[in-house]
Amino acid sequence: MTALTVALVLVVAAAGLLRWRRPAWYWLTFGVVLATVRVLVRYGSVMEACGLTVPPSRWRLALARMTDRPAPESRAPRILRLRPTRTGLVLRLRLQAGQDAFDVAAASDRLRHSFSMHGVTSREIRSGVVELRMTGYDVLKRVQMPAKTDTRPMRVPVALREDGSVHYRDYRAVAHALTLGATESGKSVYQRNLVAGLAPMNVALVGIDCKQGVELFPLARRFSALADNPDTAVELLESLVEHMASVYQLIRAEQRITADVPDAEIAADIWDLPEEIRPVPIVVLVDEVAELALFASKEEEKRRDRIITALVRLAQLGRAAGIYLEICGQRFGSELGKGITMLRAQLTGRTAHRVNDETSANMAFGDIAPDAVLAAIQIPAETRGLAIAGDSTGGWHRIRAPHTSLRQAVNICNRHADRTPDVPALSEFRPSLVAVPVSAPAAESLPAPA
């Protein structure tokens with residue numbers, strides 16, 4: 001008896017230590033079993049307490065009266081499947097007649113408390129079927145991406161969602177995106193994860209980094225074109241517009257719109273072309289868009305108008321030509337001048353890290369998901385990398401990218417440097433891998449080598 005007691009105490013102590021120090025390990029060893037039992041035992045009473053039951057039908061009441069039996073109880077949604085995952089449980093429910101998926105979504109917070117889970121989110125699978133994703137611990141506190149992800153061409157796993165699922169940046173589904181975030185909010189880490197995920201793919205990377213290239217130029221071996229100042233950026237963007245026009249001419253020549261060609265084979269974008277003649281897709285990363293929109297003189301204003309015009313044309317017409325925009329900035333509002341709101345309207349994907357004011361959050365979500373504005377301004381300063389991701393459908397998720405150092409991103413880009421395509425229209429903007437000499441005043445300010 002004493003040995004059994006000691007063993008039980010050791011198991012409880014180990015479980016408590018794992019839950020404190022390694023919540024993921026605790027969930028896989030103890031938590032998943034306890035949570036499954038808790039959900040199955042409490043299910044009926046919890047659903048009734050949360051108002052997710054319906055009264056029995058008339059024919060069941062009539063049958064009970066005819067047979068002199070007790071009146072049947074209210075019915076809860078039927079469990080179709082209960083599946084454990086590495087981060088929680090997935091509960092699929094069949095709703096009863098008269099119930100709506102919104103009822104389950106509205107009760108998500110009460111279900112979280114009742115089942116003693118860290119988080120509960122719901123989504124409608126099809127008519128009458130709702131899926132509850134319950135997380136057993138805070139998966140965003142220490143982000144660990146799963147070993148296997150559903151990676152496809154132009155689809156990059158970049159972060160983890162609060163429900164434990166992987167957040168993908170799918171360029172075929174959402175062509176252009178905007179990423180906002182204050183200084184030290186984790187915006188650069190998100191961008192590094194994006195570049196690291198695109199590096200092994202057959203894609204041309206084009207970067208515009210007006211901070212003298214400090215963010216993107218270390219990754220230069222994997223970039224087909226780079227610009228580190230607004231003067232070079234305007235020439236690069238206008239070359240992209242010319243390249244886009246040549247791609248459309250290729251598509252027009254290869255459309256195959258004859259009577260004997262099936263409709264599905266008629267080419268309307270680069271993905272409908274045969275692989276041997278298909279142009280390489282291009283992802284354009286703009287590190288700080290405000291540096292392209294600000295001006296202090298008439299000449300700079302003319303350059304700024306050319307830049308914004310080129311960006312708007314690429315956003316409006318670039319998808320079919322395989323050109324995708326990834327624009328980052330601290331703010332992105334009308335104060336940046338004419339054409340900015342037109343450009344923002346073309347950026348379907350929205351991601352907002354910690355922002356300094358509600359106005360910045362409204363720039364990202366005010367026109368597509370007002371509910372996400374409050375979530376964006378509530379991101380604490382100590383959780384760098386935490387962000388709100390949404391799109392024009394109105395849905396949004398809380399995500400966090402795994403920490404990727406600049407050295408890790410550089411190593412990945414160097415490993416896949418042989419995959420860097422040579423785009424003839426952008427050849428003059430191909431980054432030079434020769435070290436840039438440091439000016440004399442800057443060299444004097446550097447510390448002496450040890």
Side-chain angles (χ1 to χ4, degrees), residues 138 140-143 158-162 167 169 176-196 207-219 228 230 233 284-295 304 307-308 311 325-337 340-341 343-345 347-391 396-406 409:
D138 187 1
L140 300 184
K141 185 176 182 180
R142 176 185 286 181
V143 177
V158 292
L160 199 65
R161 292 180 178 176
E162 63 179 339
H167 180 72
R169 177 67 178 94
H176 314 301
L178 170 66
T179 303
L180 294 180
T183 303
E184 296 294 320
S185 64
K187 189 168 75 271
S188 297
V189 174
Y190 178 86
Q191 191 178 62
R192 288 175 205 157
N193 278 278
L194 194 59
V195 174
I208 299 176
D209 181 5
C210 291
K211 293 186 294 187
Q212 296 301 310
V214 295
E215 291 287 349
L216 296 180
F217 269 74
L219 316 173
D228 63 354
V284 183
L285 295 104
V286 180
D287 183 65
E288 183 52 70
V289 69
E291 289 299 316
L292 301 177
L294 297 176
F295 62 91
R304 178 252 180 220
I307 290 175
I308 299 303
L311 284 174
L325 297 182
E326 198 73 42
I327 295 181
C328 301
Q330 297 183 31
R331 289 177 64 85
F332 197 77
S334 56
E335 69 272 8
L336 295 180
I340 286 295
T341 54
L343 175 60
R344 185 179 62 187
L347 306 177
T348 306
R350 308 286 176 87
T351 303
H353 293 74
R354 177 180 55 82
V355 292
N356 292 327
D357 56 350
E358 185 178 351
T359 305
S360 299
N362 273 312
M363 293 175 188
F365 301 115
D367 56 340
I368 60 172
D371 293 343
V373 175
L374 182 61
I377 63 177
Q378 290 178 341
I379 297 176
E382 60 271 14
T383 54
R384 294 179 58 185
L386 192 65
I388 307 298
D391 54 41
W396 58 275
H397 307 276
R398 189 175 283 104
I399 66 170
R400 193 176 190 184
H403 179 71
T404 301
S405 66
L406 185 57

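When a residue number appears, it is its place in the shown sequence, counting from 1.
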Next on the checklist: Run the side-chain contact (heavy atoms from CB on, under 4.5 Å) test against S405 and tell me which residues pass, sequence neighbours left out.
Outcome noted: H403, R407, Q408

Checklist entry - Taking only residues two or more places apart in sequence, or in another chain, which ones meet H167 in a side-chain contact (heavy atoms from CB on, under 4.5 Å)? => result V158, A159, R161, A389, I399

Item to check | Separation between OG1 of T348 and CZ of R350, rounded to the nearest 0.5 Å | outcome: 7.5 Å

Next on the checklist: Enumerate the side chain to side chain donor-acceptor pair (under 3.5 Å) contacts for residues 209-218, please, sequence neighbours excluded, ordered by first and then second residue.
Outcome noted: S188-E215, K211-D287

Item to check | Qualifying residues under salt bridge (charged side-chain N to carboxylate O under 4.0 Å, His left out), relative to R398, sequence neighbours excluded | outcome: E162

Checklist entry - What residues form a side chain to side chain donor-acceptor pair (under 3.5 Å) with R344, not counting sequence neighbours? => result none

Item to check | Counterpart residues, side-chain contact (heavy atoms from CB on, under 4.5 Å), relative to V195 (two or more places apart) | outcome: L205, L219, F223, L285, C413

Checklist entry - Are side-chain heavy atoms of E184 and R354 found at a separation under 4.5 Å? => result yes

Checklist entry - Which pairs pass ring pair (Phe, Tyr, Trp, His ring centres under 6.0 Å) with one or both residues in residues 348-385, sequence neighbours excluded? => result Y190-H353

Next on the checklist: Once salt bridge (charged side-chain N to carboxylate O under 4.0 Å, His left out) is applied, do any residues pair with R169, and if so which ones, sequence neighbours excluded?
Outcome noted: E326

Item to check | Contacts of A290 that satisfy side-chain contact (heavy atoms from CB on, under 4.5 Å) - sequence neighbours left out | outcome: E288, L336

Item to check | 4.5 Å side-chain heavy-atom contact, I327 and L343 | outcome: yes

Checklist entry - Quick one: does R400's side chain have a donor or acceptor within less than 3.5 Å of a partner on R384's backbone? => result yes

Checklist entry - Are the side chain of R304 and the backbone of A293 linked by a donor-acceptor contact shorter than 3.5 Å? => result yes

Checklist entry - Taking all non-hydrogen atoms of both residues, which atom of A375 and which atom of I388 are closest, and how far apart? => result CB-CD1, 3.9 Å

Item to check | Minimum side-chain heavy-atom gap I340-I308 below 4.5 Å | outcome: yes

Next on the checklist: Which residues pass the salt bridge (charged side-chain N to carboxylate O under 4.0 Å, His left out) test with E358, not counting sequence neighbours?
Outcome noted: none

Next on the checklist: side chain to side chain contact (heavy atoms under 4.5 Å, CB included), that's the test. Do Q191 and T179 meet it? Break it down for me.
Outcome noted: CA-CA 9 Å; Q191 191 178 62; T179 303; over 6 Å; no

Checklist entry - Quick one: CD1 on I307 to CD1 on I208, what's the gap to the nearest 0.5 Å? => result 7.5 Å

Checklist entry - Any side-chain heavy atom of R331 within less than 4.5 Å of one from N356? => result no

